[in-house]
Each structure stands twice: as structure tokens, then as C-alpha cells.
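Quick notes on the structure that follows.
These numbers were taken from a predicted model, which means no experiment stands behind them.
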Amino acid sequence: MKRSILAVVSAVVAASLCVTAAAVEAPEKVNTYTSGQFADVPAGLWCAANVRYVYEYGIMNGKTAQYFDTTSNLTVAQAVVMACRLHSAYVGDGAEFPAGDPWYQPYLRYASENDILWEADRYDVAITRADFAMLFDSALPVDALPVLSSIETGAIPDVPLGSYCARSVYRLYEAGILQGNDATGRFTPYQPITRGAAAAIASRMADPSLRKAITLQRAPAKLVPIDALQNRAKLKKKCTEAEFQAAYDAAKEVVTPLAGLPREDQLYGIATALRQMVESGAVAYTTSAAHYNDPYGYLVTGVSSCAGCARTTGLCLSMLGIPFEHVNEDQWSHQWCRAKMPDGTYWICDAYGLYCGPERSPYQHPYF
């Protein structure tokens, strides 16, 4: 599976996941669910109806006959198995999945053949909610996910429009499959997905009657004005006022969905959005083109270097009011931003250097 530089890598989940075919339209029950069957799924639990559905229609089983384990994390391999079964049932191809080595190998092959898989470094680690959304979005065709909800562009507060998972997350929100984790519609894309949440999404994917229409509007962002930015002169570099204003306006698309989120999510969101611009080809590396080392080059003309990436990151951080330092500024070496966290520690935010996370020692980058 295509993994972002910000993917959460969790401990190996030893839980077993048993998946069998379930039809999207008029499925047949393969298991009988008894009320109270799973000790950890009382009738009032938020995902109780979803657990019942995925169990009855053979999408998921419990860890044991009496314990579903809604709170443990799903692995990449387990998620691929679910997506393959869902796809196979929808297209009715009667696919069979014999035992493999590793056990999930037949599913990887099927997923690859049916365009529902991105390459993953490991399959025995917890899958993030962002990667799960992308996998399941690809498991069914567009006509199986008609628009049900009204989701304004930029309304999902922690999914920047430039992030690698935005297209899939927005499509699942619009289809009524995702509804957000709170009143603001937050998705928490970089957290692992639990078995309970996976059951909820899988059941809504399989049964359109379980989907729910919502309306989500973009909240007005409170950003630092361009004249009050931290390190404004250094961020501006050789830009004219008009060019810097254009860069500021372009950066709004990155930072507006992040306003008001926890500091960690803001840094993840900035690094993901800026990295996606590179991976998509929107930004080309150079040290010779005009504006290669400022935000105007990165965000408007599509040229940059690590210096330009660092200043663009600094612009985004400053717009959100996050204190930062530009490490190795104006030196012929790798450059990045060092952002101060609310607890006084520092994180590195470096889209070009493929790292966003805690600073292990002052001014030391883990990869440079």
C-alpha cells in the first residue's frame, strides 16, 4: 500500500481476522449472531450494529467465540483481506483464496490484479485510518459509492486537500460511509484504525442502507495575517510583495484545514501536503531556477530545493502561529524546520527529508 512519510507504525497485532465473502447487494447471512455473544460488544456500544453485521455476513469474526476485540488495531494484511473479499463479492467473480505463504499472499495477488492494492513496506503492522480509507475506496467502483452527504471542499479539518489520502477520504465522507469522529468532522488520518472502526466502515461499504447523510461546512480559519508572520523577511527572501502574497494565498489551502487542530496533527498535515506536491510532480527540484529557495517557487511556480521547502514549511507554521527555527538557513547543506511543541520539546517538520516527528537531539536530523 502506498504509505505516506507520516504513516503510524505500531506494534504487530497478533489478532486473527477471519474474512469470508459477502455480497454488496442482497447478501446472505453465513453466521447467526446471538445478543450478547461478544462480551466486549454490549447492545449500547457505538459499533454494536456494525459488529453484528460483519459477523453475520462473514466479513469479520471475533478474536474468539466470545470476544470481538473492538479496540485493538487492524494490520495492513488484515485490511487487504477485507478489501479483497468485499471487491470479490461485489463483482461476483467467485474468487477463491487458498492458503499461502505468507498466509495473506493470495489476497495480495488478487488485490494487485484488481487495482485495490498499493505497495507496503510491511503487512504485519497497524494500518492507519488514511491508508484504510484509500484501500477501501479502491475496493468498490465509483458507482457503488453515490454521493449522499454534503461535504464542502476543505471542510474535513484534519485532511488537507493536498494530502495523499484526501481524495479517498472525501469520497467516503460524501458517500455517507465516514462521518467524522466529532462534531467538527475530524478524521484523525494518521492514527491506527481499530477493529470496531473497521467493522463500521466495512458494514457501510457492504450495505448502503447503513450509510448516513451528513452536512459538513468549512470552518473559518484564524490564521496569522501576512504582515504579522514570524520571520517574515527571511520567509519572503527575494520575493516581491505581490509574489509573497500569492505564496501566502496558496499556503492557505494547506493550513486552513489544520487551524485549531493539535500541534502534532498540524505538523503532520503540513509535511504530508508539501510532500504530496513533490510526489505528484507539481514541484520539481532545482537550485538554479528563480525562486527555488522561497515559498513562491514552491507553491506558485513549482520549483524548489530543500531551502525552498524549509521556507514554505516555515510560512505554513507561521500562519498557524507555531514557533519554529529554519535549521542550516543559507548554508549549502540540508535544511529543515524545527518546530516548538506545547510541552517545550521540538519536532522536525521536513517534507523534503521524509521526516516529521520528535527531534531526537537538538538540531540533529535522523536522516542527515
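One hydrophobic cluster holds both W103 and L108 under the rule that ILVMFWY side chains link at heavy-atom gaps under 4.5 Å. Criterion: ILVMFWY side-chain heavy atoms under 4.5 Å apart, direct or through other members. Under it, Y285 and V278 are part of a common hydrophobic cluster. The same ILVMFWY cluster, assembled from side-chain heavy atoms under 4.5 Å apart, contains both Y367 and W336. Hydrophobic cluster membership differs between Y67 and I59, with clusters built from Ile, Leu, Val, Met, Phe, Trp and Tyr side chains linked at under 4.5 angstrom. Criterion: ILVMFWY side-chain heavy atoms under 4.5 Å apart, direct or through other members. Under it, L148 and Y90 are not part of a common hydrophobic cluster.
Between Y107 and R85 there is a side-chain heavy-atom pair separated by less than 4.5 Å. Looking at heavy atoms from C-beta onward, L140 lies in side-chain contact with M205 at the 4.5 angstrom threshold. The shortest side-chain heavy-atom distance between I193 and I127 falls under the 4.5 Å cut-off. The side-chain heavy atoms of Y190 and S163, taken from C-beta on, include a pair separated by under 4.5 Å. Y355 places a side-chain heavy atom less than 4.5 Å from the side chain of P366. Side-chain atoms of T70 and L45, non-hydrogen and from C-beta on, do get closer than 4.5 Å to each other. Residues Y164 and M134 meet the side-chain proximity criterion, which asks for heavy atoms closer than 4.5 Å. Contact of the V303 side chain with the V283 side chain is not registered, since no non-hydrogen atoms from C-beta on lie closer than 4.5 Å.
Around atom CZ of R232, more than 12 heavy atoms belonging to other residues, nucleotides or ligands sit under 6.0 Å away. Residue Q245 places its CD atom among more than 12 non-hydrogen atoms of other residues, nucleotides or ligands, all under 6.0 Å distant.
In this structure, W347 has its ring center no closer than 6.0 Å to that of F324. Ring centroid separation for the pair F38 and Y55 comes in under the 6.0 Å cut-off.
Ion pairing between D330 and K234 fails under the 4.0 Å rule for side-chain N and carboxylate O. E113 and R109 are not joined by a salt bridge, as no carboxylate oxygen comes within less than 4.0 angstrom of a charged side-chain nitrogen. Under 4.0 Å is where a charged nitrogen must lie from a carboxylate oxygen, and between E241 and K236 at least one such pair does.
With rounding to the nearest 0.5 angstrom, the CD atom of E264 is 13.0 Å from the CG atom of D158. Between the CG atom in N31 and the CE atom in M60 there is a gap of 13.0 Å [rounded to 0.5 Å]. With rounding to the nearest 0.5 angstrom, the CG atom of L178 is 5.0 Å from the CD1 atom of I201. Once rounded to the nearest 0.5 Å, the distance linking CZ of R204 with CZ of R211 reads 10.5 Å. Considering CG of L299 and CD of E253, their distance stands at 10.5 Å, rounded to 0.5 Å. Taking CD1 from I156 and OH from Y170, the interatomic distance works out to 4.5 Å, rounded to the nearest 0.5 Å.
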Checklist entry - Step by step, would you call W332 with T287 a side-chain contact (heavy atoms from CB on, under 4.5 Å)? => result CA-CA 11 Å; W332 197 254; T287 57; 4.1 Å; yes
Checklist entry - Could you walk me through whether L172 and F132 pass the side-chain contact (heavy atoms from CB on, under 4.5 Å) check? => result CA-CA 11 Å; L172 295 185; F132 186 86; over 6 Å; no
Item to check | side chain to side chain donor-acceptor pair (under 3.5 Å) between D124 and T75, intermediate numbers included | outcome: CA-CA 6 Å; D124 59 351; T75 67; over 6 Å; no
Checklist entry - Could you go step by step and tell me if V224 and L320 meet the side-chain contact (heavy atoms from CB on, under 4.5 Å) rule? => result CA-CA 6 Å; V224 176; L320 292 170; over 6 Å; no
Checklist entry - For T194 and L74, what are the C-alpha separation, side-chain angles and deciding distance, and is it a side-chain contact (heavy atoms from CB on, under 4.5 Å)? => result CA-CA 6 Å; T194 64; L74 202 70; over 6 Å; no
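What you find for C239 and Y296 is that their closest heavy atoms are SG-CB, 3.6 Å. Contact between G100 and P106 at its shortest, heavy atoms only, is CA-CD, 3.8 Å. When every heavy atom of A259 is checked against every heavy atom of L223, the shortest pair comes out as CB-CD2, 4.4 Å. Across all non-hydrogen atoms, the minimal contact from L216 to A155 is O-CB, 3.5 Å. What you find for A166 and P160 is that their closest heavy atoms are CB-O, 3.5 Å. Between Y173 and G185, the shortest heavy-atom distance links the atoms OH-O, 2.8 Å.
A donor-acceptor pair under 3.5 Å is formed between the side chain of S280 and the backbone N or O of Q276. Proximity of a side-chain donor or acceptor of S203 to a complementary backbone N or O of A199 within less than 3.5 Å is detected. Formation of a donor-acceptor pair under 3.5 Å by the H87 side chain with backbone atoms of A139 is found in this model. In this structure, the side chain of D182 engages the main chain of R186 through a donor-acceptor pair within 3.5 Å. Not a single donor-acceptor pair under 3.5 Å links the side chain of S318 to the backbone N or O of G314. A donor-acceptor pair under 3.5 Å links the side-chain atoms of R195 to the main chain of D69, judged by distance alone. A donor-acceptor pair is defined here as one N or O able to donate and one able to accept, closer than 3.5 Å; no such pair exists between the side chain of Q331 and the backbone of N328. Judged by distance alone, with hydrogens and angles left aside, the side-chain atoms of S361 form no donor-acceptor pair with the main-chain N or O of Q364 at under 3.5 Å. Judged purely by atom type and a 3.5 angstrom limit, S150 has no side-chain atom pairing as donor or acceptor with the backbone of T215. Within the 3.5 Å criterion, the main-chain N or O of F68 finds a donor-acceptor partner in the side chain of D40.
A donor-acceptor pair shorter than 3.5 Å cannot be found between the side chains of Y352 and Q335. Remark: the D93 side chain and the S88 side chain contain an N/O donor-acceptor pair separated by less than 3.5 Å. For the 3.5 Å distance criterion, the side chains of S305 and N293 fail to qualify, holding no donor opposite an acceptor.
For the side-chain contact (heavy atoms from CB on, under 4.5 Å) with C165, the lone residue among V159, D137, T128 that qualifies is V159. For the side-chain contact (heavy atoms from CB on, under 4.5 Å) criterion with F244, the lone passing option out of D294, D249, L315 is L315.
Using a 30° and 60° split on the angle between ring planes, H365 and F368 fall in the perpendicular class, above 60°. Y123 and Y104 have tilted rings, their planes meeting at an angle from 30° to 60° on a 0 to 90° scale.
The cationic group of R311 does not satisfy the cation-pi geometry with Y298, failing either the under 6.0 Å distance to the six-membered ring centre or the 45° limit from the ring axis. A cation-pi arrangement is found for R338 relative to Y346, the charged atom lying closer than 6.0 Å to the ring centre and inside a 45° cone about the ring normal. Under the 6.0 Å distance and 45° angle rule, R129 counts as a cation-pi partner of F187.
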